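Here's the structure we're looking at; comments come further down.
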Amino acid sequence: MESMDWASDKDEGRWEEGLKKFFRTEPEKLDLSNGKCKGIQSVKALSRALEANTSLRELHLNNNQLGAEAGKALAEALKANTGLQTLVLADNQLGPEAGKALAEALKANTGLQTLVLADNQLGPEA
(Lines give C-alpha, C1' and ligand atoms only; values in the text may rest on other atoms or scores of the structure.)
Protein backbone atom coordinates (compact mmCIF):
# COMPACT_ATOMS: atom_id res chain seq x y z
CA MET A 1 0.00 0.00 0.00
CA GLU A 2 2.95 2.32 0.47
CA SER A 3 3.19 2.74 -3.30
CA MET A 4 -0.29 4.23 -3.68
CA ASP A 5 -0.30 7.98 -4.05
CA TRP A 6 -3.36 8.66 -1.91
CA ALA A 7 -3.21 12.43 -2.30
CA SER A 8 -3.17 12.72 -6.07
CA ASP A 9 -4.90 9.59 -7.35
CA LYS A 10 -8.26 10.69 -8.77
CA ASP A 11 -9.11 7.33 -10.36
CA GLU A 12 -11.94 5.77 -8.34
CA GLY A 13 -11.13 2.27 -9.60
CA ARG A 14 -7.52 2.61 -8.50
CA TRP A 15 -8.67 3.81 -5.06
CA GLU A 16 -11.09 0.88 -4.84
CA GLU A 17 -8.41 -1.68 -5.66
CA GLY A 18 -5.88 -0.03 -3.37
CA LEU A 19 -8.34 -0.01 -0.48
CA LYS A 20 -9.28 -3.65 -1.01
CA LYS A 21 -5.62 -4.58 -0.89
CA PHE A 22 -5.04 -2.40 2.17
CA PHE A 23 -8.02 -3.78 4.09
CA ARG A 24 -6.90 -7.36 3.45
CA THR A 25 -4.11 -6.64 5.93
CA GLU A 26 -6.82 -6.04 8.58
CA PRO A 27 -5.53 -2.66 9.72
CA GLU A 28 -6.82 -1.05 12.88
CA LYS A 29 -5.93 2.54 11.91
CA LEU A 30 -5.94 4.55 8.69
CA ASP A 31 -4.75 8.16 8.57
CA LEU A 32 -5.72 10.00 5.39
CA SER A 33 -5.67 13.44 6.97
CA ASN A 34 -4.15 16.67 5.69
CA GLY A 35 -4.93 16.38 2.00
CA LYS A 36 -4.43 12.63 1.54
CA CYS A 37 -8.07 12.03 0.63
CA LYS A 38 -9.38 14.42 -1.99
CA GLY A 39 -12.42 14.35 -4.16
CA ILE A 40 -15.77 12.66 -3.95
CA GLN A 41 -14.65 9.60 -5.95
CA SER A 42 -11.99 8.69 -3.40
CA VAL A 43 -14.46 9.16 -0.53
CA LYS A 44 -17.08 7.03 -2.26
CA ALA A 45 -14.51 4.25 -2.77
CA LEU A 46 -13.49 4.54 0.88
CA SER A 47 -17.13 4.49 2.00
CA ARG A 48 -17.84 1.30 0.04
CA ALA A 49 -14.77 -0.33 1.57
CA LEU A 50 -15.84 0.73 5.06
CA GLU A 51 -19.26 -0.85 4.69
CA ALA A 52 -17.71 -4.32 4.54
CA ASN A 53 -14.71 -3.74 6.79
CA THR A 54 -14.62 -5.18 10.31
CA SER A 55 -11.02 -4.55 11.40
CA LEU A 56 -10.60 -0.78 11.16
CA ARG A 57 -11.06 0.92 14.53
CA GLU A 58 -9.72 4.41 13.82
CA LEU A 59 -10.05 6.60 10.71
CA HIS A 60 -8.59 10.09 10.37
CA LEU A 61 -9.88 12.21 7.48
CA ASN A 62 -9.42 15.64 8.99
CA ASN A 63 -8.33 18.63 6.95
CA ASN A 64 -9.29 17.35 3.50
CA GLN A 65 -12.04 19.85 2.56
CA LEU A 66 -14.33 16.93 1.65
CA GLY A 67 -17.66 18.78 1.44
CA ALA A 68 -21.29 17.78 2.00
CA GLU A 69 -21.56 14.97 -0.56
CA ALA A 70 -18.54 13.19 0.91
CA GLY A 71 -19.96 13.59 4.41
CA LYS A 72 -23.21 11.99 3.31
CA ALA A 73 -21.34 9.08 1.68
CA LEU A 74 -19.45 8.48 4.91
CA ALA A 75 -22.71 8.62 6.86
CA GLU A 76 -24.10 5.82 4.70
CA ALA A 77 -21.00 3.73 5.42
CA LEU A 78 -21.42 4.31 9.16
CA LYS A 79 -24.86 2.74 9.04
CA ALA A 80 -23.29 -0.56 7.98
CA ASN A 81 -19.91 -0.41 9.74
CA THR A 82 -20.09 -0.99 13.48
CA GLY A 83 -16.41 -1.81 14.03
CA LEU A 84 -15.10 1.73 13.64
CA GLN A 85 -14.65 3.33 17.06
CA THR A 86 -13.03 6.68 16.18
CA LEU A 87 -13.75 8.89 13.18
CA VAL A 88 -12.01 12.26 12.85
CA LEU A 89 -13.67 14.54 10.28
CA ALA A 90 -12.58 17.99 11.52
CA ASP A 91 -11.96 20.78 9.00
CA ASN A 92 -13.81 19.31 6.03
CA GLN A 93 -16.51 21.87 5.18
CA LEU A 94 -19.22 19.24 5.63
CA GLY A 95 -22.07 21.68 6.25
CA PRO A 96 -25.56 21.13 7.72
CA GLU A 97 -26.74 18.45 5.27
CA ALA A 98 -23.82 16.16 6.03
CA GLY A 99 -24.23 16.92 9.73
CA LYS A 100 -27.84 15.73 9.59
CA ALA A 101 -26.85 12.60 7.66
CA LEU A 102 -24.15 11.78 10.20
CA ALA A 103 -26.57 12.31 13.09
CA GLU A 104 -29.03 9.94 11.41
CA ALA A 105 -26.29 7.34 10.84
CA LEU A 106 -25.39 7.40 14.52
CA LYS A 107 -28.85 6.10 15.34
CA ALA A 108 -27.96 2.85 13.56
CA ASN A 109 -24.26 2.69 14.45
CA THR A 110 -23.54 1.10 17.83
CA GLY A 111 -19.74 0.96 17.65
CA LEU A 112 -18.59 4.53 17.11
CA GLN A 113 -17.35 6.03 20.38
CA THR A 114 -15.58 9.18 19.16
CA LEU A 115 -16.65 11.44 16.31
CA VAL A 116 -14.70 14.68 15.81
CA LEU A 117 -16.59 17.23 13.71
CA ALA A 118 -14.92 20.52 14.67
CA ASP A 119 -14.82 23.35 12.12
CA ASN A 120 -17.33 21.93 9.65
CA GLN A 121 -19.97 24.69 9.57
CA LEU A 122 -22.65 22.21 10.63
CA GLY A 123 -25.07 24.86 11.86
CA PRO A 124 -27.63 24.59 14.66
CA GLU A 125 -29.94 22.20 12.79
CA ALA A 126 -27.34 19.39 12.61
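Since this is a predicted model, take the numbers as computed values, not measurements.
The shortest heavy-atom contact between Ala68 and Ala98 is O-CB, 3.7 Å. Here the closest non-hydrogen pair linking Ala73 and Val43 is CB-CG1, 4.4 Å. Considering every non-hydrogen atom in both Ala80 and Glu51, the closest pair reads CB-O, 3.9 Å.
Considering only residues two or more places apart in sequence or on other chains, Asn53 meets the side chain to side chain contact (heavy atoms under 4.5 Å, CB included) condition with Phe23, Ser55, Leu56, Asn81.
Taking CG of Leu59 as the reference point, atom CG of Leu30 lies at 5.5 Å (rounded to 0.5 Å). In this structure, the separation between OG1 on Thr82 and CG on Leu112 is 10.5 Å, given to the nearest 0.5 Å. If you take CD1 on Ile40 and OG on Ser47, they are separated by 7.5 Å, rounding to the nearest 0.5 Å.
The number of heavy atoms from other shown groups lying within 6.0 Å of CD (Glu69) does not exceed 12.
In this structure, Asn62 and Ser33 have side chains that are in contact, with non-hydrogen atoms separated by less than 4.5 Å. By the 4.5 Å heavy-atom criterion applied to side chains, Lys21 and Glu17 are not counted as neighbours. Counting heavy atoms from C-beta on, the side chains of Leu78 and Leu74 never come closer than 4.5 Å.
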Show every donor-acceptor pair shorter than 3.5 Å between a side-chain atom in residues 86-94 and any protein atom, with sequence neighbours excluded, or say none if there are none.
residue, atom, partner, partner atom, Å
Asn92, OD1, Asn64, N, 2.9
Asn92, OD1, Gln65, N, 3.0
Asn92, OD1, Leu66, N, 3.3
Asn92, ND2, Leu61, O, 2.9
Asn92, ND2, Leu89, O, 2.9
Asn92, ND2, Ala90, O, 3.2
Gln93, NE2, Gln65, OE1, 3.0

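Sorted by first and then second residue, the salt bridge (charged side-chain N to carboxylate O under 4.0 Å, His left out) pairs involving residues 76-86 (not counting sequence neighbours) are Glu76-Lys79. Applying the salt bridge (charged side-chain N to carboxylate O under 4.0 Å, His left out) test to pairs two or more places apart or on separate chains, those with a residue in residues 23-34 are Lys29-Glu58.
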